[in-house]
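Notes to accompany the following structure.
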Amino acid sequence: MKDYKILGKSVARIDTPLKATGDALFTADIKLPRMLVGKVLHSPHAHAIIKNIDISKAEKLPGVRAVVTREDSFDVRWGVFKYTQDHQLIAVDKVRFVGEEVAAVAAEDEETAIKALDLIEVEYEILPAVFEADEAMADGAPLIHEDHPNNVNIHVNIDVGDVEKGFADSDYVREDRFSSSGETYGMLEPYTVIADYKAAGALEIFVPTASPHTKAKALSNLLKIPLNKVIVRRSNVGGALGGRSDIFPLDFITATLSRKAKRPVKASYTREESMTCTRQVHDMIVDVKTGVSKTGEILAQDIKVIMGGGGYSSTGPIAASVPFLVWEETYRLPNVRLNSYRVYTNKPIRGMYRCHGRAFLGGLGMQLDMIAHELGIDPVAIRLKNALQAGEFQATGSKIFGCGLSEAIKNAAEKSKWAKKRGKMAPGKGIGMGANGMMCGFPMGIRGGSSAIIKFNEDGYPTILTGVVDNGQGNYHAMVQICAEVLGLNIPDIHLVAADTEVTTLDMGAYSQAAVFVGGNAVKNAAEDARQQIFEIAAKILDCNADELAIEEGKIFRKNDKNSAIGLHKVIRKGLIDNTPVIGRGSYMPEVSRTREWVSNPKGQQAGTFSFGANVVEVDVDMDTGEVSVTKATGFHDCGFPINLKAVEGQYEGSIASGGLGSSLMEEHLWKNGRMLNPDFLEYKMPLAVDMPEISANVVITDDPKGPFGAKEAGLFGSMNSFQAIGNAVFDATGVWVKEFPITPDKVLKALAEKEKTVK
Amino acid sequence: MSTKKFEVRLNINGELEKIAVSANETLREVLRERLELTGTKAACDDGSCGACTVLINGRPARSCLTLAVEAEGEKITTIEGLAQDNQLHPVQQAFVDHHAIQCGFCSPGMILTGLAAIREQQAELSRNEIREAISGNQCRCTGYAKIVDAIQAASKMKSEE
Amino acid sequence: MLKLPPFAILRPRNRDELKSAMTGSEDEFKILAGGTDLINNLKKRLYFTTSLISLKRVEELNYIIYDQNSDQLKIGALAHLTELTESPAIMNSAPAIAAAVKTIAAPPIRNRATIGGNLCLDTRCYYYNQSKSWRQLAPTCYKCGGGVCNAAPGAKKCQAVFSADLPPLLIALEAEITITGSAGSRTILLADFYTGSGGRPNILQKDEYLSEITLNQARKRTSLYRKFRLRKALDFPLAGVALSFDKNSSGKFINPKVVINAVASGPLSVPEAAEKLNGKEFSDQAAIQTAAAAAMAAARPIANVGSKPFYRKKMIGLLLKKMAAELVAGQEA
């Protein structure tokens, strides 16, 4: 590992002391003068036409300051893409899921607001509803959006090579079906919005968002306010897990309430509302047929996916594609076909999740082990055989740059003592592996890049302005570390202003694993630009050329004469008086295909670079009860270069909880007629401390040629491959495959009983 | 039905707060909304998450399941009561040093719960004892690994005192 | 976040004041002890009540006393669950109680929750323990005063699940409870306290409260309680089994009792299962198998809490087998 002064070490983060004292403000902690309380009326029906809404009684209730309904919808539809604009952020003609926002009030206090909701009379005509994705796709199912036959919201078709020939050439072919139920993001912070629509026509909004600039753009479009008047403020984000990037009805509704009431409004969702009215995670059915050579080389794959999307598109094209993209980022797929259908259902809206695609990535990764088992190949060997290498191209055309996938697989196997354990442990004990690649950024057009500014005060201390967001993963600290390394300063010397659309420049935020790779490159470039300006001014003072200078500990000196040092503040002051103020400016746009499109043209370079990882999980299965405990997890992550080692480790550890025990073993939505039976943290089972194993988090350093100081995405390898690692470990322990996630004890027991039957 | 207000004196972080509360106000609501001690978080609505944890007479309790009137006469410690003279409490410092804090939403409750376990410890806490102590506090970011590291380090410090 | 409905609170300072508060009140009231269940249920508007009567100041109700001579253990209803785990009186007499308490919820909840509250815990159901607006989406169920069961359409009465962990163990230990009311006190077997009805799980009348739990021969019996849940903490039981028998060194079940939990609207004693074990060795697989089958046959889980009914039923048998295996292991150790 390269030896830097600031980078590559485990250092305490700048944002955490305030979080430790309770001083860090989250949106719900903020109070504005004369602020009203907003409350939303939700649809009680899964599918119904709204015939009439009568708000007259609610409006007359003393203390009510505004009521909004479809009359205030601006007649606009939201969609992440032009072709997915299907969502009116307050229901207009009909409602498409239980919980959809129908009306809202702003009142002086919460009790009045709740009373007012009870006074709103909505007349519905109930329509037949459909809840399961495969049923929604069937002919004759009720249409949720009339212009989408068979309720198909998005169909992504990818066809590479000659799949039929690949199967014909294969020595072994198998087909499997995997499925998974819906999930919950489970970030602790309930969704809250504060909107302050100012008389001057500007909207100020505080909201937990991973992508403030995207939020601003959406609100600008929806409310028809110029983008520079939509001020999305940074407040701390109490976890995102992929679920804080989209635009939610509550954003629009709170802004509209504020505009009508001419007062600031705060609307906080309850836990139940947070779990049903922001975003949920797709349920999924995956049919996969795979052909391999007798040495385990993947020759052909044909994959059909059906995802339950809920009532609206959200990030549909992305959701329909990403599990496949992660798969093609991992293994060589010479002949591969994908038909991925995201289907409308009368359930809440489904979005992107940190552990999106457990039936897909868990399923395909388990099928790889099934194939290895049939062919008598070790699961590690089959992964190494098919693993992509640096310089290779993925199925849809992305080039791999730095790549430590094989090294991660080998290291994880070695450290976990795989060879001694796999297939050799006592009955009920097992070990399994998962591996994956991960794009550092989606193709996002103008939103795919980032820019940063570094300004200096006359005392020599800089402030970084960047649109990067920190949801908890440590992005802010990474930006400061990068700046400090370049400018020869210490971390406390630097101030950071981030994620505030009034002052920061366009950035996608903490979305699509791009923050350190894209935003970090922009900050690095800005710091280098500032350093160059500093050297040019200092060269005049020190009577030398700029390239003869160095900067350390806030002092600039000639490389050959440390005694020549002058303070940075002197240089900054000279810049000011000479009318050449130091303002660092940097940007980064990843080199991705400009013509690639999710649905219409899914080929070409999709991301600037890719990270990789491999994960070995050990389980203990109670052969009587089918209960699975995870006893150990060992991960190796090619994150390029760890800017902050403990922050990188923490991402993997967290993923063993959410993607590992949670997604693989415990977490599932339960439903009855479109109503979620477990919309709370007691009955929706997220892992607790006592459920967790010891975790060994490790890195593989590849110094990515594209990343800032070699760094790239850190975080999604455990969350995207623990499903297969655990599913495979359960097989190793029990000899049975459970193909439905989560792998709950009842399913294990059923599978064991079936196996016993076949043996008899 | 009586909507009578009770004049209560709440002992919060060593200071007596005199405040009129209704019977149906929870301690969490009074702390957050009336006294603006917003370090105590609200997350789950049913007592299952632990983000609203405060110490009542030194022991962790759910402020969302405790009526403010019932907290009268008890010694209440919130996260704001730990740091002294701008110095983080050793448990807070351990959370910072060990990267036990990511998004920070569970941290106040987690720190207070860890602190209570350390204060009651007979000897340095084992990792499983720590997991048991924090088993009622949900965290979605860390996988609890570094939280256990931090509490263990603070526990070790305490046992060596 | 959900807010509590308006209510008044009465805060009696002793049992006399408590009695007058209860008899003096014309309104609907609820008794507030630790509040860990009640406050939640009030937020969800599961009960209509105009006032709460808080037991907090009635410190006479908080005690744990064990008398070695009479082998009698008395626990005041207001003893906190954490206190049960720390009490030398319990460790010396019926340590299985402390072990069972440690399977309840999590430490911060046990710090507030009381044994009386656990014994009076309301039954639970996916269709009942929801917010008011959620419940309004379906017909009013038996438990809310209506005429249907949303979890088991066609059921003739409420099917909500009994979910308290201590009652099955205490019933297996033949615990008695004292119920105090305006007309005085009465002592009954805890087993007789429960109605088996999901709608109204126990026999407490409006003017009564549970004041004391008594084990008359606390050390006489060996007892165990095991539960199934999806996480290793926090969760209510999805199946539970309590087992007790006369303490002896013969390695045999003498006068055993089997009480199963969380698979019906009340704790269920299963004498058919106990009979099969009576006089049998801990290691008698055939006896244990038939006892497990009898216990399973008594279980009537339906799909109104987590996991699957078939599995919860199966777990009743498996938990009983596991306990027997633990007893064997304990002998060998």
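Within every chain, numbering begins at 1; the chains are lettered A, B, ... in the order of the sequence lines, protein sequences first and strands thereafter.
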Q.
Between the side chains of A:Glu694 and B:Arg127, is the shortest nitrogen-to-carboxylate-oxygen separation below 4.0 Å, so that they form an ion pair?
A. yes
Q.
Under 4.0 Å between a side-chain nitrogen and a carboxylate oxygen: does that hold for B:Arg131 and B:Glu129?
A. no
Quick one: which of [options] has the most heavy-atom pairs under 4.5 Å with chain A, could you say?
options: B:Glu132, B:Lys41, B:Glu33; answer: B:Lys41
options: B:Gly143, B:Cys103, B:Pro108; answer: B:Cys103
options: B:His99, B:Gln138, B:Arg32; answer: B:His99
options: B:Ala43, B:Gly104, B:Gly39; answer: B:Ala43
options: B:Cys44, B:Cys106, B:Ala51; answer: B:Cys44

Checking [X] against chain B: side chain, backbone, both or neither under 4.5 Å from a heavy atom?
X: A:Val690; value: both
X: A:Ala28; value: both
X: A:Ser719; value: neither
X: A:Leu188; value: both
X: A:Met187; value: backbone

Just so I understand: if I count every heavy-atom pair under 4.5 Å between each of [options] and chain B, which residue has the most?
options: A:Ser10, A:Gly238, A:Ala240, A:Ala657; answer: A:Gly238
options: A:Asp470, A:Asn236, A:Thr270; answer: A:Thr270
options: A:Asp23, A:Leu241, A:Leu25; answer: A:Leu241

Q: Write down the atom of B:Cys139, the atom of B:Met110, and the distance for their closest heavy-atom approach.
A: CB-CE, 3.8 Å
Counting only heavy atoms closer than 4.5 Å, note whether [X] contacts chain A via side chain, backbone, both or neither.
X: B:Tyr144; result: side chain
X: B:Gln93; result: neither
X: B:Leu88; result: side chain
X: B:Lys146; result: both
X: B:Ala133; result: neither
X: B:Ser135; result: both

Given 3.5 Å as the limit, does a donor-acceptor pair link the side chain of [X] with the main chain of [Y], or not?
X: A:His477; Y: A:Ile14; answer: yes
X: A:Thr631; Y: A:Asp620; answer: no
X: B:His98; Y: B:Ala100; answer: no
X: B:Asp85; Y: B:Gln87; answer: no
X: A:Glu183; Y: A:Val281; answer: no

Q: Would you please indicate if the ring centroids of A:His637 and A:Tyr652 are separated by under 6.0 Å?
A: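 No.
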Q. Between A:His356 and A:Tyr185, is the gap from one ring center to the other below 6.0 Å?
A.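 They do not qualify: ring centres at least 6.0 Å apart.
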Q. Does any donor atom in the side chain of B:Gln102 or A:Gln651 lie under 3.5 Å from an acceptor atom in the other side chain?
A. yes
(Q) If you count heavy atoms of other groups shown closer than 6.0 angstrom to CD of B:Glu15, is the number above 12? (A) no
